[in-house]
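The next block holds one structure in the form of structure tokens; read it before the comments.
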Amino acid sequence: MLLVLLVGVSGFFLVYWATSETDRVATARQLYLLDQAQAETLRVIPYEQESTTVWDDAVRAALGWDSSWLDANLGSWMHDYFGFDELYVLDPRDVPVLAFLSRTGLQAHVSPEFGDVLYPLINKLRARLRAGDGPNAAKMQTPGETALKLVGGHPAIVSVKPIVSDTGKIRQIPGNEFLHVAVRYIDGPEYLAELERKYLFDHLRFSTVQDAVGNERVYPMVTNDNQTIGYYIWQPYRPGSTVMAYISPMLVLVFGGLVAGVFVFMSLMHRRETSQDAVEARMHYMVMHDALTGLPNRVHFNQRVDLELSRLAPGGAGIALLFLDINGFKQVNDSFGHPLGDKLLYEFGQRLLSLSRERDAAGRLGGDEFTLMLTGIRQREDIERFCRRLIELARMPFNIEGHQIFVGLSVGYAFAPEHGQDRNELMRKADVALYHAKMNGRNDFTGFNLEMDVLLRNRRRVESDLREAMVSFDQFKVHYQPVYDVKQNSLIGFEALLRWQHPARGWVSPEFFIPVAEEAGLIRDLGQFVLRKSCEAALQWPGHTVSVNVSIIELQDADYAKNLSAMLALTGLSPARLELEVTETAVVTTGACEDNLQAIRMMGVRVALDDFGTGFSSLGRLTQIDVDRIKIDKTFIHGFDQSDCDKAMVRAIVELAQATSLLTTAEGVENIRQVEFLREIGCDAIQGFYFSEAVPSDQVLALIAAEPDRAVLLGDRNH
Ligand code: C2E
Ligand code: CA
Ligand code: CA
């Protein structure tokens with residue numbers, strides 16, 4: 001804007017300067033013209049006189065005092081022809097023979113005021129004539145006196161010439177010639193009008209005093225003897241100002257347009273910039289935050305972590321990185337739909353925020369994976385206390401669209417500086433810890449430790465070892481854990497649990513290698529192996545059931561039910577003696593899974609819902625699920641000793657199951673108190689280390705044989 005103003009103002013001044021300079025030059029020219037006009041008048045008047053004063057007839061008429069001839073030729077004629085105002089013819093004694101005044105006509109004498117001007121001129125001329133400054137007959141030139149004088153208050157050019165012979169035939173005494181006087185007023189209206197017309201003057205006037213007003217210009221009229229006798233005053237011709245007046249509105253318009261244009265342009269730029277800023281800020285927010293929960297996304301979270309890591313001081317407080325996994329989120333999504341799942345994630349994010357302090361950070365990495373960074377950590381207990389609160393918070397029911405939704409939470413954590421100060425390393429370790437927390441059961445937290453790392457690093461090697469082992473299957477064994485009826489206090493069946501004896505590592509837990517097999521696509525063959533072994537083994541102990549764990553991956557195979565019936569036919573096991581254990585995910589998944597479960601139950605094979613209570617979306621849905629039995633997860637049973645809450649939960653599950661005529665099995669029973677409580681609430685079956693671990697198939701018969709003794713022992717204890 002300043003620049004535009006500067007350009008505008010300097011442009012205006014340039015134009016102004018140019019036009020006023022033009023005016024100045026024009027005025028100077030008019031002054032020069034006035035100079036020239038006056039000089040011209042002074043020069044021309046004597047010549048005009050000579051047209052009649054150098055003439056034999058005139059000399060004769062003067063000598064003869066023929067005043068009428070003189071008037072006709074040297075008086076009124078010259079007034080008419082040349083425009084002289086006053087004309088005189090004087091005799092050698094300076095007595096007027098003729099006095100013609102345009103204002104009054106012919107007079108008899110010279111007025112005294114005019115005499116004061118005239119006689120000095122006459123004397124000067126006669127003196128010159130007497131001194132021999134005679135006429136030059138050849139050139140028709142005569143000496144003369146011309147002066148600019150103030151006559152009766154008017155500027156006038158007064159010119160005196162001798163009247164002489166043009167042929168030289170009439171002789172006169174030098175100094176005694178008749179004289180001709182011509183007077184021209186140069187302030188008369190005619191004269192001024194002529195000047196105006198000839199030299200483009202405007203309002204030209206004469207004044208004896210300098211009374212110019214406004215723009216009027218002044219030309220001082222100076223006589224030969226340097227007397228200022230008056231002033232020409234006029235409105236100067238000012239082409240510059242005319243141009244200026246003409247183009248000013250245009251200039252103002254153009255400049256105004258320019259200013260307006262720049263203003264509009266700048267405000268547009270400004271608006272664009274501010275809207276761009278807003279868009280940028282919004283985009284920055286979008287780039288940095290997760291759209292669903294509004295929590296920082298991976299990029300943003302990483303930045304926060306890096307910042308805190310860079311602030312770590314030796315001996316100071318540390319930070320913890322927590323990886324969170326919502327248990328049962330998939331089921332919520334599958335059974336209630338994605339919009340509700342999204343709301344659950346949002347609500348969960350809000351709960352995370354409510355727990356975190358100022359410098360902590362919560363983030364969502366995608367799916368149901370959340371992260372937390374805790375700052376100011378001094379000891380492991382700080383983190384563990386926080387994890388317990390976190391899990392408790394997650395287990396509180398979510399009230400979404402009228403549904404009471406229960407989920408669980410697994411937490412894995414690593415902390416700096418103990419587990420390293422590199423973000424990627426810390427995150428990997430927290431992830432490994434989460435993996436183990438999930439292994440331990442739902443609703444658990446685990447801190448990273450070195451063995452885990454080794455385990456995870458071995459995971460890939462485990463996969464290739466698994467493939468190798470599945471060529472002959474002889475590294476695999478199926479063990480059987482007895483299951484007891486609570487009321488009858490009797491052995492009713494066995495759960496088949498797969499064991500892998502690795503040639504180098506020894507026993508590898510199914511909790512570790514089953515997920516690997518699922519990921520590697522090996523679970524189907526492995527499952528068929530367990531199923532065949534279990535069916536074959538069960539033929540050895542008639543009267544007892546056998547339960548086989550089935551992965552959801554297997555159930556998603558459209559041929560599963562068909563293969564199962566083929567297996568039963570092959571081994572000859574009665575379907576009534578077989579029970580399949582599936583997780584909750586399988587029960588709520590539609591498609592092939594649903595069809596398989598239906599076909600299995602149609603065959604007469606029972607289905608048990610395994611690990612019930614961990615991450616189940618809603619207790620209320622228990623009544624809508626098509627299974628024969630539910631197996632209450634061991635974490636609830638283990639919780640009996642610590643909290644009444646878990647007891648209440650199990651009681652509710654059992655009551656609800658009874659109301660829907662579902663059988664219940666409690667797993668992981670490890671002590672008599674648990675047995676007693678379960679019996680009290682009416683649980684149907686129990687299994688656990690309190691009775692027996694899973695045993696090789698060749699020990700099953702021994703277990704069955706020892707059953708009567710055991711029952712007595714247990715019965716004794718009970719009473
Ligand atoms: P699960 O089906 O919940 O099996 C019960 C697990 O609890 C077994 O672990 C068993 O050894 C353990 N357990 C039994 N009683 C107690 C007790 O009193 N206290 C405690 N703390 N634990 C007890 P295991 O054999 O390591 O199996 C782990 C999981 O591996 C099983 O959990 C099951 O989900 C899976 N699994 C095992 N065999 C197979 C299989 O043949 N096929 C499939 N798909 N999964 C299998
Ligand atoms: Ca099981
Ligand atoms: Ca279980």
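Indexing begins at 1, ligand by ligand and atom by atom, following the structure's order.
Near R499, meaning under 4.0 Å from one of its heavy atoms, ligand 1 places the atoms 11 (O), 24 (P), 25 (O). The distance from ligand 1 to the heavy atoms of V530 drops below 4.0 Å at these ligand atoms: 41 (O). In summary, the atoms of ligand 1 found under 4.0 Å from a heavy atom of E667, numbered by their order in the structure, are 3 (O). Of all the atoms in ligand 1, the ones that sit under 4.0 Å from a non-hydrogen atom of D611 are 3 (O). Heavy-atom contacts of G688 reach the following atoms of ligand 1: 15 (N), 18 (O) (cutoff under 4.0 Å). Distances below 4.0 Å separate heavy atoms of V669 from the following atoms of ligand 1: 18 (O). Within ligand 1, counting atoms from 1 as listed, the ones closer than 4.0 Å to a heavy atom of E670 are 17 (C), 18 (O), 19 (N), 20 (C), 21 (N). Short contacts between ligand 1 and S551, defined as distances under 4.0 Å to a heavy atom of the residue, involve ligand atoms 44 (N).
Put simply, no part of Q687 is less than 4.0 Å from ligand 1, judged by heavy atoms. Contact analysis puts H638 in contact with ligand 1, with a non-hydrogen atom separation below 4.0 angstrom. The shortest separation from a heavy atom of G527 to ligand 1 is not under 4.0 Å, leaving the residue out of contact.
Between Y690 and Q674, every side-chain heavy-atom pair lies at or beyond the 4.5 Å cut-off. Looking at T665 and D684, their side chains never come closer than 4.5 Å, going by heavy atoms from C-beta outward. Annotation: side chain of S534 is in contact with side chain of V478 (closest heavy-atom distance under 4.5 Å).
Backbone and side-chain nitrogen or oxygen atoms of F689 are examined, and one is located within less than 3.5 angstrom of a nitrogen or oxygen of ligand 1. Checked against a 3.5 angstrom limit, the closest N/O atoms of L498 and ligand 1 fall inside it. Polar contact with ligand 1: present for D610 (N/O pair, distance under 3.5 Å).
Distances from the Ca ion (ligand 2) show that D610 has an N/O/S atom below 3.0 Å.
No side-chain donor-acceptor contact under 3.5 Å links E579 and T545.
For atom 30 (O) of ligand 1, the choice among A608, P510, A517 with the nearest heavy atom turns out to be P510. Checking E511, H479, Q481, E693 against atom 29 (C) of ligand 1, the nearest heavy atom belongs to E511. When T635, D633, L497 are checked for heavy-atom proximity to atom 37 (C) of ligand 1, L497 turns out nearest.
For E536, the salt bridge (Lys or Arg N to Asp or Glu O under 4.0 Å) partners two or more places apart in sequence, or in a different chain, are R532. Evaluation of the salt bridge (Lys or Arg N to Asp or Glu O under 4.0 Å) rule for D646 yields R395 as partners, not counting sequence neighbours.
The atom of E581 that is an N, O or S and sits closest to the Ca ion (ligand 2) is OE1.
Note: F398 and F348 have tilted aromatic rings, judged against thresholds of 30 and 60 degrees for the angle between ring planes. Using bins of under 30°, 30° to 60° and over 60° for the plane-to-plane angle, the ring pair F415/H419 lands in the tilted bin. Between F494 and W541, the two ring planes are tilted [angle within 30° to 60°].
Shown here is F476, whose CZ atom has more than 12 heavy atoms of other residues, nucleotides or ligands within 6.0 Å.
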- [ ] Determine, step by step, whether S410 and L324 satisfy the side-chain contact (heavy atoms from CB on, under 4.5 Å) criterion, reporting the C-alpha distance in whole Å, the side-chain angles of both residues, the deciding distance to 0.1 Å, and the verdict.
- [x] CA-CA 6 Å; S410 299; L324 279 53; over 6 Å; no
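The Ca ion (ligand 2) lies at the vertex of an angle of 90° between the OE2 atom of E495 and the OD1 atom of N549 (rounded to 10°).
Residues L522 and L466 approach most closely at CD1-CB, 3.9 Å, considering heavy atoms.
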